[in-house]
Protein chains: 2
Amino acid sequence: METTKKRSDCPLSCSLDIFGDKWSLLIIRDLLFLKKSTYNDFLKSAESIATNILASRLKALEENGLIEKLEHPDSKAKILYRLTQKGIDLLPILMEVYSWADKYLTIPADIKATIEEAKKDRDKFISQVTTELNIK
Amino acid sequence: METTKKRSDCPLSCSLDIFGDKWSLLIIRDLLFLKKSTYNDFLKSAESIATNILASRLKALEENGLIEKLEHPDSKAKILYRLTQKGIDLLPILMEVYSWADKYLTIPADIKATIEEAKKDRDKFISQVTTELNIK
DNA sequence: CCGCATCCCTATAGATACTG
DNA sequence: CAGTATCTATAGGGATGCGG
């Protein structure tokens, strides 16, 4: 069922086989920027993902080594999802998408400001986000 | 039918609504790098897209202003697909995906060499590809 | 509560055959 | 050559159930 056979040897094609859908990168976004880390956090996101879809994406993301499951410090009942380095390294891709969207789509003003701030010193922004995630 | 209602105001979410599927970026790749420009060119790609999917993606890409349809210089029967600037500007995103894939996936040696060459002088590579496409 | 799993139903993706 | 038509498979939405 989770065979995910690759369509070709093309690196782009293989990458899209992993995160080329409408939901995976939104989960990555939540983990990268929005300090979300539990199942219910993701469920509450603006795009309102269905529970079965979320479960299947989390499983796929974990199988592909982009995220990992940990015990939540607050409660035994909770699970904490965290990005691996492989997952964190999707950040530059997301930044380019934001940058493209900033140029061609209509963006809420506050988000627009953040994007342009991040673009100004891209490397600094990347290391900042990365460090933050690694500390946690 | 092509209502493509957006799921949220998030620029990433909106971008994924446009090209966040397993095929659109492969068509963009074909146009950007592989000098493909007709329906049958795309059909022949390694991933072997189905004809109806190709048709629907081309339509969506055109509606979203990423590509445009032109008369083919060789034949009246042919249609030439070309990237708009909005489409060409997806190149930085693709390059980051290639870069990520280069780090984490198993890549054919020749493609790996090309990726790393392009990364060395990224801006030059981008302007080179862009110029080439604009000339045609 | 929390993290799913399951079921049911609909919508979209996709494979294949065929057409203007 | 550039698509449709038709059919089937999978993705996805929404409600609910259930063990820890």
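Proteins get letters first, then strands, A, B, ... in listed order; numbering begins at 1 in each.
- Whole-Å rounding puts the A/I67 CD1 to C/dG3 C1' distance at 13 Å.
- Proximity note for A/K78 (side chain, C-beta onward) versus D/dA2, C/dT16, C/dC2: the nearest is C/dC2.
- Backbone-only contact: A/T38 has heavy atoms under 4.0 Å from sugar-phosphate atoms and none from a base.
- Exactly one of B/L58, B/L61, B/D89, B/I27 qualifies for a side chain to side chain contact (heavy atoms under 4.5 Å, CB included) with B/L66. That residue is B/L61.
- A straight line from CD of A/E71 to P of C/dG3 spans 13 Å, rounded to a whole angstrom.
- As judged by a 4.0 angstrom heavy-atom cut-off over every strand, B/A77 is placed among residues touching the sugar-phosphate backbone only.
- Remark: the B/T51 side chain and the D/dT4 base include a donor-acceptor N/O pair separated by less than 3.5 Å.
- The 5' end of DNA chain C is approached more closely, in terms of each residue's nearest nucleotide, by A/K44 than by the other of A/K44 and A/R7.
- Atom CD1 of B/I53 is separated from atom C1' of D/dA5 by 13 Å (rounded to the nearest Å).
- Rounded to an integer number of Å, the gap from CG of B/L80 to P of D/dG3 is 12 Å.
- Rounding to whole angstrom units, NE2 of residue A/H72 and P of C/dC2 are separated by 10 Å.
- Each of B/E96, B/E117, B/E116 was compared with B/R122 under the salt bridge (Lys or Arg N to Asp or Glu O under 4.0 Å) criterion, and only B/E96 meets it.
- Two rings, from A/W100 and B/F19, have their centers less than 6.0 Å apart.
- The CD1-P distance, from B/I79 to D/dG3, rounds to 4 Å in whole Å.
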Would B/K35 and B/D41 satisfy salt bridge (charged side-chain N to carboxylate O under 4.0 Å, His left out), going step by step from the backbone distance to the final call? CA-CA 9 Å; B/K35 315 292 175 213; B/D41 286 343; over 6 Å; no

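- The side chain of B/W23 places an N or O atom within less than 4.0 Å of a non-bridging phosphate oxygen (OP1 or OP2) of C/dG14.
- Under 4.0 angstrom from either OP1 or OP2 of D/dG3 there lies at least one side-chain N or O belonging to B/K69.
- A donor-acceptor pair shorter than 3.5 Å can be found between the side chains of A/E47 and B/S8.
- If you check distances only, the side chain of A/N52 does reach the base of D/dG14 with a donor-acceptor pair under 3.5 Å.
- Whole-Å rounding puts the A/K59 NZ to C/dT6 C1' distance at 14 Å.
- Look at B/R57 and you'll find a side-chain N or O under 4.0 angstrom from OP1 or OP2 of C/dA13.
- At whole-Å resolution of the value, OH in A/Y39 and C1' in C/dC1 are 14 Å apart.
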